[in-house]
Amino acid sequence: MNSAIIQENILQVQQRIETAASDACRNSSEIRLLAVSKTRSAQEIMAAYHSGQTAFGENYVAEAIEKITTLADYPLEWHYIGGIQSNKSRLIAAHFSWVHTIASLKHAQRLHQQRPAELPRLNSCIQVNISHEHSKGGVMEDEVLPLAREIAQLGRLRLRGLMALPAATTDYEKQRKNFSILRKLSDKLQSEGIELDTLSMGMSNDMEAAIAEGATIVRIGTAIFGPRT
Ligand SMILES: *Cc1c(COP(=O)(O)O)cnc(C)c1O
């Protein structure tokens, strides 16, 4: 997509974040925009960067590493938001600053063991399957606290919070209800002594509901880069 349109879209998304934050009596500085750049070219990422966007989310490891390598001279922060496969964990641990989709202790342990010593700890979120859909990754709600306790012990990971990808719906109240499940889980973990500062939730079609429920990272693809083909 044309750079001028991407830049215009970024301004519009920033405005949506401002409005949703103000409607929720929140400060918009608490909410980070993650530009989801899967399937997009390095040029499209550069267009977003020239609007001040530095955090990018990717779902496919090989595709991501190609772009990360091409754009290595720019101060970009890369977030892995795709499903984790064991045979890709080493590449994720070496190339990303964040991983949003940890859903097993096995994957957490691999990422911890494989995180290169010269890099800072890998910022990590546990993905929760709040809609109980088989097609979506994530742990069930009752598995989150024990997994969080284990991850908190892994010195090369920095447990930041929870992530969810609820079933798509255009009903605002249903969107809020789903996101509120994640927020309540996060509150519960914190009351158990686990320090968290991140709720990764909200996409192009439901970011307002996510912000109303406390999102601190919204993951936006289509509203910035247009529909994926
Ligand atoms: C693709 C994707 C997004 C972005 O979705 P849009 O509807 O295009 O904003 C967000 N999160 C995850 C995990 C994704 O895979």
Side-chain angles (χ1 to χ4, degrees), residues 1 5-17 19-20 31-41 44-45 47-48 51 53-65 67-68 77-85 88 92 95-104 107 111 122-139 160-172 174-176 178-179 181-182 198-229:
M1 180 181 265
I5 298 177
I6 291 172
Q7 291 173 3
E8 177 58 33
N9 287 346
I10 294 235
L11 289 175
Q12 276 178 17
V13 168
Q14 286 167 344
Q15 192 52 57
R16 281 176 67 185
I17 294 172
T19 304
I31 302 152
R32 287 191 78 195
L33 172 57
L34 180 65
V36 175
S37 48
K38 63 177 172 224
T39 78
R40 316 299 179 165
S41 67
E44 290 171 296
I45 292 170
S51 297
Q53 182 64 32
T54 53
F56 293 89
E58 290 280 343
N59 295 58
Y60 310 108
V61 174
E63 178 200 324
I65 290 174
K67 291 181 253 181
I68 293 171
E77 183 181 87
W78 296 97
H79 294 231
Y80 187 71
I81 62 171
I84 300 173
Q85 289 171 301
K88 299 283 169 57
I92 297 169
H95 291 278
F96 288 86
S97 302
W98 282 74
V99 54
H100 291 229
T101 45
I102 293 180
S104 74
H107 287 159
L111 291 166
L122 178 61
N123 295 296
S124 302
C125 295
I126 296 174
Q127 182 176 355
V128 187
N129 190 345
I130 50 185
S131 306
H132 304 167
E133 289 177 288
H134 288 297
S135 60
K136 299 235 169 101
V139 297
R160 299 295 295 265
L162 305 181
M163 177 272 204
L165 189 63
T169 166
T170 54
D171 179 328
Y172 179 77
K174 279 190 194 142
Q175 292 172 353
R176 279 196 66 159
N178 282 330
F179 292 132
I181 296 172
L182 202 68
T198 300
L199 277 175
S200 167
M201 59 190 197
M203 311 198 294
S204 295
N205 290 329
D206 56 14
M207 58 185 287
E208 282 80 6
I211 290 170
E213 293 296 339
T216 66
I217 298 181
V218 289
R219 308 180 310 265
I220 309 298
T222 308
I224 294 174
F225 297 108
R228 284 179 293 274
T229 45

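When a ligand or atom number is given, it counts from 1 through the structure's own listing order. The shown structure was predicted, so the numbers you read here are calculated from the model rather than taken from an experiment.
The two residues Ala48 and Ile6 make their nearest non-hydrogen contact at N-CG2, 3.9 Å. Nearest heavy atom pair, residue Ile220 against residue Ser204, reads CG2-OG, 3.5 Å. Pairing each heavy atom of Glu58 with each of Ile45, the nearest pair is OE2-CD1, 4.1 Å. The two residues Ser37 and Lys67 have their closest heavy-atom pair at O-NZ, 2.9 Å.
Each of Met207, Glu208, Gln12, Arg32 was scored for a side-chain contact (heavy atoms from CB on, under 4.5 Å) with Ile17, with one residue passing: Met207.
Atoms of ligand 1 found under 4.0 Å from any heavy atom of Ile220, numbered from 1 in the order shown, are 9 (O). The ligand atoms of ligand 1 that sit less than 4.0 angstrom from a heavy atom of Thr222 are 6 (P), 7 (O), 8 (O), 9 (O). Heavy-atom proximity to Ile81, at under 4.0 Å, picks out these atoms of ligand 1: 11 (N), 12 (C), 13 (C), 14 (C).
Counting heavy atoms closer than 4.0 Å to ligand 1, residue Leu165 contributes side-chain atoms (C-beta onward) but none from N, CA, C or O. At a heavy-atom distance under 4.0 Å, only side-chain atoms of Arg228, from C-beta outward, approach ligand 1. Contact annotation for Asn59 and ligand 1: only side-chain heavy atoms (C-beta onward) come within less than 4.0 Å of the ligand.
Looking only at distances, no side-chain donor or acceptor of Glu77 sits under 3.5 Å from a matching main-chain atom of Trp98. Listed for the Thr169 side chain is a donor-acceptor partner under 3.5 Å among the backbone atoms of Asp171. Of the possible polar contacts, none joining the Tyr80 side chain to the His100 backbone as a donor-acceptor pair under 3.5 Å is found.
The N/O atoms of Met163, backbone and side chain alike, include none that comes under 3.5 Å of an N/O atom in ligand 1.
Residue-ligand proximity: Asn205 is placed with every non-hydrogen atom at 4.0 Å or more from ligand 1.
Atom 9 (O) of ligand 1 has Ser204 OG, 2.5 Å as its closest protein atom, hydrogens excluded (heavy atom only). Summary of contacts: the protein heavy atom closest to atom 10 (C) of ligand 1 is Met203 SD, 3.1 Å.
Within the set Arg219, Met207, Lys38, the minimum heavy-atom distance to atom 11 (N) of ligand 1 is found for Arg219.
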